[in-house]
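Working notes, beginning with the structure itself.
Everything quoted here is computed from the prediction, not taken from an experiment. Any value given below was found using the heavy atoms of this structure, including those in side chains, with hydrogens, waters and symmetry copies removed.
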Amino acid sequence: LIEKNFTGDPRIAVDLLLPIAGQYFTLGDTAREYAVMQRAGAIATASGDPALIADVACGTVETELVRDRIDLAQAQLATGQQALTQMQRPDLGTTLACMQAEADLARKQGDLDLAIARVSEAIDRAERAGRTRGNMYPKLLSFLGAVQHQHGDLVASYDTLKKEQRLSE
């Protein structure tokens with residue numbers, strides 16, 4: 001239905017497909033999630049819109065990591081980051097998603113220092129912009145707390161997770 005009804009508007013098509021892929025991810029159906037992300041990627045690429053390309057590519061990094069396809073995750077991240085450089089004023093949400101993707105990849109590769117640095121920078125950008133509502137900011141905090149714990153910095157992890165808890169309250 002999405003492809004039939006929104007072929008002329010790739011932004012709407014991608015904006016509808018990404019949450020569908022997210023629901024498949026939540027359900028643990030990585031095959032369907034991957035298929036939906038691939039379709040969104042094809043639409044984004046065909047559009048030539050760097051914002052769409054970055055949204056989908058950076059969103060696909062996590063999909064590839066769950067599938068243990070680090071080389072493809074790296075390629076998707078590179079595609080997303082390249083698309084960001086083509087925009088004069090990239091959307092903050094897209095920028096944060098790509099920073100999260102870079103942190104996810106770094107963590108998967110065992111580079112916890114880079115993961116912490118990238119997600120900390122993303123959190124700082126979100127706070128400076130006043131973007132602490134919605135799903136992205138708590139996700140960043142949760143990720144940071146988990147990586148800090150994995151890194152052995154239990155005090156920092158506790159402080160980060162308390163910050164997330166206060167936000168939820």
Side-chain angles (χ1 to χ4, degrees), residues 11 14-15 17-19 21-22 25-26 30 33-34 37 40-41 44-45 47 49-169:
R11 168 48 72 188
V14 168
D15 283 349
L17 287 170
L18 292 180
F25 184 83
T26 300
T30 56
E33 180 213 5
Y34 184 75
M37 291 301 285
T45 300
S47 77
D49 180 347
L52 284 180
I53 292 167
D55 281 343
V56 175
C58 289
T60 305
V61 170
E62 186 176 22
T63 302
E64 296 296 4
L65 291 175
V66 168
R67 295 165 50 103
D68 275 333
R69 298 170 67 160
I70 292 175
D71 56 330
L72 294 177
Q74 289 171 322
Q76 289 292 339
L77 180 60
T79 298
Q81 289 174 329
Q82 175 62 32
L84 281 176
T85 66
Q86 295 174 3
M87 293 183 269
Q88 284 184 318
R89 301 189 79 206
D91 174 72
L92 180 62
T94 302
T95 301
L96 295 176
C98 288
M99 293 173 79
Q100 172 72 58
E102 184 179 358
D104 285 338
L105 180 60
R107 181 183 190 189
K108 182 77 170 185
Q109 293 175 313
D111 190 345
L112 301 182
D113 290 329
L114 178 59
I116 289 170
R118 295 308 286 158
V119 78
S120 294
E121 182 183 348
I123 289 168
D124 184 54
R125 283 188 183 194
E127 290 172 348
R128 283 194 324 260
R131 297 275 297 267
T132 57
R133 301 279 183 213
N135 295 330
M136 179 57 85
Y137 184 72
K139 180 181 177 182
L140 293 169
L141 288 174
S142 178
F143 179 87
L144 177 59
V147 177
Q148 288 169 326
H149 185 270
Q150 184 179 355
H151 195 265
D153 192 347
L154 302 183
V155 172
S157 176
Y158 177 80
D159 290 343
T160 300
L161 296 177
K162 288 301 283 183
K163 184 176 186 177
E164 180 188 8
Q165 180 184 13
R166 285 189 302 276
L167 180 69
S168 294
E169 291 171 349

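- With Ser47 contributing its side chain and Ala44 its backbone, the two residues share a donor-acceptor pair below 3.5 Å.
- Scanning all heavy atoms of the two residues, the minimum distance from Ala51 to Thr94 falls at O-CG2, 4.4 Å.
- Under a 4.0 Å N-O distance rule, the pair Arg118/Asp111 does not qualify as a salt bridge.
- The side-chain heavy atoms of Ile70 and Glu64, taken from C-beta on, include no pair separated by under 4.5 Å.
- Counting heavy-atom neighbours within 6.0 Å of Asp71 CG, excluding the residue itself, gives a total above 12.
- Residues Leu141 and Leu161 approach most closely at O-CD2, 4.4 Å, considering heavy atoms.
- Counting only heavy atoms from C-beta outward, the side chains of Leu18 and Met37 approach each other to under 4.5 Å.
- Atom OG1 of residue Thr63 and atom CZ of residue Arg67 lie 8.0 Å apart, to the nearest 0.5 angstrom.
- Here the shortest heavy-atom pairing between Ala115 and Ala106 reads N-CB, 3.8 Å.
- Across every non-hydrogen atom of Ala54 and Cys98, the tightest pair is O-SG, 4.0 Å.
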- Message: What verdict does the side-chain contact (heavy atoms from CB on, under 4.5 Å) test give for Lys108 and Asp68, after you've listed the backbone C-alpha separation in whole Å, the side-chain angles of each residue and the deciding distance to 0.1 Å?
- Response: CA-CA 9 Å; Lys108 182 77 170 185; Asp68 275 333; 2.8 Å; yes
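- Separating the OG1 atom in Thr160 from the CD atom in Gln165 is a distance of 13.0 Å, to the nearest 0.5 Å.
- Note on Glu169 versus Arg166: no salt bridge recorded, every NZ/NE/NH1/NH2 to OD/OE distance being 4.0 Å or above.
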- Thr26 and Glu33: CA distance, side-chain angles, deciding distance, side-chain contact (heavy atoms from CB on, under 4.5 Å) verdict: CA-CA 9 Å; Thr26 300; Glu33 180 213 5; over 6 Å; no
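- Put simply, the side chain of Ile123 reaches to within 4.5 Å of the side chain of Leu144, judged on heavy atoms.
- The two atoms that bring Leu167 and Pro138 nearest to each other are CD2-CG, 3.8 Å, heavy atoms only.
- The shortest side-chain heavy-atom distance between Met99 and Glu121 falls under the 4.5 Å cut-off.
- Not one N or O on the side chain of Ser157 forms a donor-acceptor pair closer than 3.5 Å with the backbone of Asp153.
- Residues Tyr34 and Val66 fail the side-chain proximity criterion, which asks for heavy atoms closer than 4.5 Å.
- Arg11 contributes atom CZ, which lies 4.0 Å from atom CG of Leu52 (distance to the nearest 0.5 angstrom).
- With a 4.5 Å cut-off on side-chain heavy atoms, Lys162 and Tyr158 count as touching.
- Side-chain contact of Tyr137 with Glu127: a donor-acceptor pair under 3.5 Å is present, judged by distance alone.
- With hydrogens and angles ignored, the 3.5 Å screen pairs a side-chain donor or acceptor of Thr79 with a backbone N or O of Ala75.
- Contact between Ala129 and Leu92 at its shortest, heavy atoms only, is CB-CD2, 3.4 Å.
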- Task: Using the side-chain contact (heavy atoms from CB on, under 4.5 Å) rule, take Arg107 and Leu114 through it: C-alpha gap first, then chi angles, then the decisive distance, then the call.
- Result: CA-CA 8 Å; Arg107 181 183 190 189; Leu114 178 59; over 6 Å; no
